[in-house]
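Worksheet: one structure, shown below.
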Number of protein chains: 2
Amino acid sequence: MDQTKIFLNDSQMPKKWYNLAADLPTPMLPPLTPDGKPLSPQMLEAVFPKNLIEQEISRKRWIDIPQEIAAILYRWRPSPLRRAIHLERYLKTPAKIYYKDESVSPSGSHKTNTSVAQAWYNKQAGIKKLTTETGAGQWGTALSFACHLLGLECKIYMVRVSFDQKPMRKVMMQIWGGNCVASPSQQTQTGRDVLARMPDTPGSLGIAISEAVEEAVLDKSGKTRYALGSVLNHVLLHQTIIGLEAQKQLKKIGIKKPDVVIGCAGGGSNFAGLAFPFTCDKIHGQKIDIIPVESEAAPKMTQGRFAYDFGDVAGMTPLLPMYTLGHKFIPPAIHAGGLRYHGMAPLVSQAIVEGLMRPHAVDQLHSYEAAILWARTEGFIIAPETSNALACVIEEAKKATREGKQKVILFNLSGHGLLDLSGYEKYLNGKLESSQVSRKSIQKSLDSLKVFKTAPRRKSGKW
Amino acid sequence: MDQTKIFLNDSQMPKKWYNLAADLPTPMLPPLTPDGKPLSPQMLEAVFPKNLIEQEISRKRWIDIPQEIAAILYRWRPSPLRRAIHLERYLKTPAKIYYKDESVSPSGSHKTNTSVAQAWYNKQAGIKKLTTETGAGQWGTALSFACHLLGLECKIYMVRVSFDQKPMRKVMMQIWGGNCVASPSQQTQTGRDVLARMPDTPGSLGIAISEAVEEAVLDKSGKTRYALGSVLNHVLLHQTIIGLEAQKQLKKIGIKKPDVVIGCAGGGSNFAGLAFPFTCDKIHGQKIDIIPVESEAAPKMTQGRFAYDFGDVAGMTPLLPMYTLGHKFIPPAIHAGGLRYHGMAPLVSQAIVEGLMRPHAVDQLHSYEAAILWARTEGFIIAPETSNALACVIEEAKKATREGKQKVILFNLSGHGLLDLSGYEKYLNGKLESSQVSRKSIQKSLDSLKVFKTAPRRKSGKW
């Protein structure tokens, strides 16, 4: 009997996170201030605690996972590695499809891997309260959970339109004691200004970030900081536990390496979590095709530009070197809210520049088609974001059939879709539209980009 | 490090189901026709296929699990046995609390264990379509899933009020191809009659059962049958895989037997699934306290009567020997919809009569208090039904503290609560009320019971 579920004991959970910055052939470009000058770590201290800033700029290859963090992660980690034999059979593919199941976490996605770590480091630094923004609600839920366990207060600014459409996400935050308010709110100057101008605004992630950062920076006690759920180096670092576990699990069943590694990529964190340890293997000579999958609604990697750009819509954050569509780019309202971000994590962006990764974009009609096929073969209902990765997995499995190759395909099942069923409903009722955006609107957004410096393009395919 | 997650390989999944009827000291009383005469198996053949009727009346101790059913169950089974160390620490109890996690199934509860088996046996019998009713939606989801995998049509009559309140449950059924309609519907004579009299009725489980049975019985092709999600012997049989796995898992970590076994009990199937294999051990001399936990909103085991009663509100089913509040009993609209049933499975009822089990009732305010504590310690959000079992677990753990005993408490986490967050919302906002019903309304309902025969009470506590 083929083994379809590969578990690790608690004691086999990785003891360190892996930092790709240590192995990238070209050093990472530094973040800049809005006027293009180098940003000093001290400038970030009103927003993040020192210990996380140290992780953010670290070039150390391995960073210890504190035992107290591990003790919390054991609630759901090590996460299972599973084999999708029913999908394989349906596709009649010689490929073996494995996936890490990150839907098993309390909040239902990979986000808890970093929320726990961030809350712990903030607590170590004497911080009492974290603020954040959330769009669809996954990140706000994950941070509420972590703050509750570590005894921190948690304040979440949730984009008004999602706050109204997804009331159950707020209930989950409440269960863990999180204080979730609709953004724009009356609780910050930013929020009050926006409401004065546009009382009926549905809100945006840009506004919500501004409110969360304002509350953290202006707290006179100095005990409040801000937390981000993706994009930054330290967030991606915390997610590498996914790929490190997968390496152990594949070895356990005698597979030396996967041939293809796939993850969906909004800000980049779940993808990086799975892919970075394998990217290290690739740098050291293994042949692995590594594919970050974006939505055609926000195709920063396949149609954007590598440049310095703001992380938020309002232009309040430092400038980050990354693939971007321009921070003012407004994507269609697709259901995979986590993939609507305009930029890509600097570490992932740099790895793409180095030729280590091969980005791919998926239309939401294809992603839902894949999600339904998954539910009808494997049996589980996955998140709209994850279904983009799955659509790519299916394409790669079909390619393996055409080539007659017994490839091992590994992907990250980043979350379940049980709180996002309305997208499925629309798809099944034929009410969902294609998510492609016009080249013209992308070009218009890119033209507004203030480019300070672009990364050097590598000269030839060396991997 | 204490092991908090105990897994089994696919090959360690039990190969047979356990039938408690073979071991009960007093033989089971037979079902009767509405006028009190013995019911022949043939009378059931318009409703159920022969192979399931054979299981229903079987006295064989062990019944083989067909390999094709096992191949489907491997998608989520063997389910994990987990230890709730964070709850233990919070309670400062010397007790060790273990639980089977049945929330890992595709539909999110134990219901798939029997839906897959029932769909398979119906398919073997040449049946092409199954009809059923569903209240909160768990059972309809599970049957849709199973029918899809086995290529059967599935028609679900969902109680109108739930159909309107929980649209996402319908989406889940649709994902697996199930055809879910609000009941009463225009598609059956029963439905049309009810709608003519009460066009605005919210519906009831009784009406929905009648519609589903009518559609099965009246189908002229003879290829449609009805499926029930709890109460009947063959349904409980399919669930015993839960307890059989738990026995193996406890042995794996050196625990010979649990001291206390707990499950919530609406119709009785998830409770029986965990408890029956341990009930067998108890009959053969082991000391185990076995506790079915009901809601105080429908306290059939603690305040009802052992008598022959109908399984449905309309009085269309055979008479079953069971603990009941009377089939016309209408419980308060608690959130744990699965615990609102007026009766208890005959096998569980008989085991209570024999003194093998010790029923317990819980108020919904206590059950939600327990559920919140679980989310804030263990981290997961459980179904409202499950939280009743948990409230009892917490009481038993506190008792162990008072007694200073290192008891092993085992319970069944029958499902997650991710599609039932509105009850949590009401509880957190202080809008939830006690679920107790008055003795007077219970007495009134009991007085209307037509009692044909009651089981002999055992004379002394022998277990």
Side-chain angles (χ1 to χ4, degrees), chain A residues 1-11 70-72 74-78 80 82 84-86 101 103-108 112 145-146 148-149 167-172 174-177 371-372 374-381 416-429, chain B residues 1-11 70-72 74-78 80 82 85-86 101 103-108 112 116 145-146 148-149 167-172 174-177 371-372 374-381 416-429:
Chain A
M1 190 174 348
D2 278 322
Q3 218 175 327
T4 57
K5 304 187 262 313
I6 301 99
F7 298 108
L8 298 175
N9 293 330
D10 291 3
S11 60
I72 293 177
Y74 291 146
R75 281 178 175 77
W76 69 96
R77 303 209 74 85
R82 294 169 168 268
I85 47 164
H86 306 282
D101 187 357
S103 76
V104 299
S105 88
S107 70
T112 36
F145 165 76
H148 168 72
L149 291 187
M168 291 308 120
R169 276 284 172 196
K170 187 193 161 194
V171 176
M172 282 183 83
Q174 266 190 298
I175 286 173
W176 292 309
I372 294 287
W374 184 263
R376 292 184 179 174
T377 52
E378 292 301 317
F380 293 89
I381 294 171
H416 64 64
L418 297 173
L419 290 156
D420 294 288
L421 287 165
S422 59
Y424 280 90
E425 185 177 27
K426 280 192 192 155
Y427 175 78
L428 290 168
N429 296 336
Chain B
M1 188 175 351
D2 278 324
Q3 219 177 326
T4 57
K5 303 187 261 314
I6 301 100
F7 298 109
L8 298 175
N9 292 331
D10 291 4
S11 60
I72 293 176
Y74 291 146
R75 279 179 177 75
W76 69 97
R77 301 210 75 86
R82 294 167 168 271
I85 47 163
H86 306 283
D101 187 357
S103 76
V104 298
S105 87
S107 69
T112 35
V116 167
F145 165 76
H148 168 72
L149 290 187
M168 291 307 121
R169 277 284 173 197
K170 186 193 162 194
V171 176
M172 281 183 84
Q174 266 190 298
I175 286 173
W176 291 308
I372 294 286
W374 184 263
R376 291 183 179 174
T377 52
E378 293 300 319
F380 294 89
I381 294 171
H416 64 65
L418 297 174
L419 290 156
D420 294 288
L421 287 164
S422 59
Y424 280 90
E425 186 178 26
K426 280 192 191 155
Y427 176 77
L428 289 168
N429 295 337

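Proteins get letters first, then strands, A, B, ... in listed order; numbering begins at 1 in each.
Under the rule for a salt bridge (charged side-chain N to carboxylate O under 4.0 Å, His left out), the partners of B/Arg77 that lie at least two apart in sequence or sit in another chain are B/Glu102, B/Glu245. Applying the salt bridge (charged side-chain N to carboxylate O under 4.0 Å, His left out) test to A/Arg82 and every residue at least two apart in sequence or in another chain returns A/Asp101.
Minimum interatomic distance between B/Ile175 and A/Leu421 (heavy atoms only, all atoms of both residues): CD1-CD2, 3.9 Å. Considering every non-hydrogen atom in both B/Pro106 and A/Gly379, the closest pair reads CB-O, 2.9 Å. Smallest separation of non-hydrogen atoms from B/Met168 and A/Glu425: CE-OE1, 3.7 Å.
Counting heavy-atom pairs under 4.5 Å between each of B/Arg376, B/His148, B/Glu378 and chain A puts B/Arg376 at the top. When A/Ala375, A/Ala71, A/Gly417 are compared by the number of non-hydrogen pairs under 4.5 Å with chain B, A/Ala375 comes out ahead. When A/Tyr427, A/Tyr424, A/Trp176, A/Phe145 are compared by the number of non-hydrogen pairs under 4.5 Å with chain B, A/Trp176 comes out ahead. No other option in B/Ile372, B/Ile381, B/Ile72 has as many heavy-atom pairs under 4.5 Å with chain A as B/Ile381. Here B/Thr377 is the residue among B/Leu419, B/Thr377, B/Val104 with the most heavy-atom pairs under 4.5 Å with chain A. With respect to chain A, the highest number of heavy-atom pairs below 4.5 Å among B/His86, B/Lys5, B/His416 belongs to B/His86.
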As a quick check of understanding, evaluate side-chain contact (heavy atoms from CB on, under 4.5 Å) for A/Met172 and B/Leu418, giving each step before the final call. CA-CA 9 Å; A/Met172 282 183 83; B/Leu418 297 174; 4.0 Å; yes
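Remark: A/Ser105 OG to B/Phe380 CZ distance equals 7.0 Å, nearest 0.5 Å. In this structure, CZ on B/Phe7 lies 9.5 Å from CG on A/Leu8, to the nearest 0.5 angstrom.
Only the side chain of A/Leu428 comes within less than 4.5 Å of a heavy atom of chain B; its backbone N, CA, C and O stay farther away. When heavy atoms are compared at a cutoff of 4.5 Å, B/Ala371 does not approach chain A at all.
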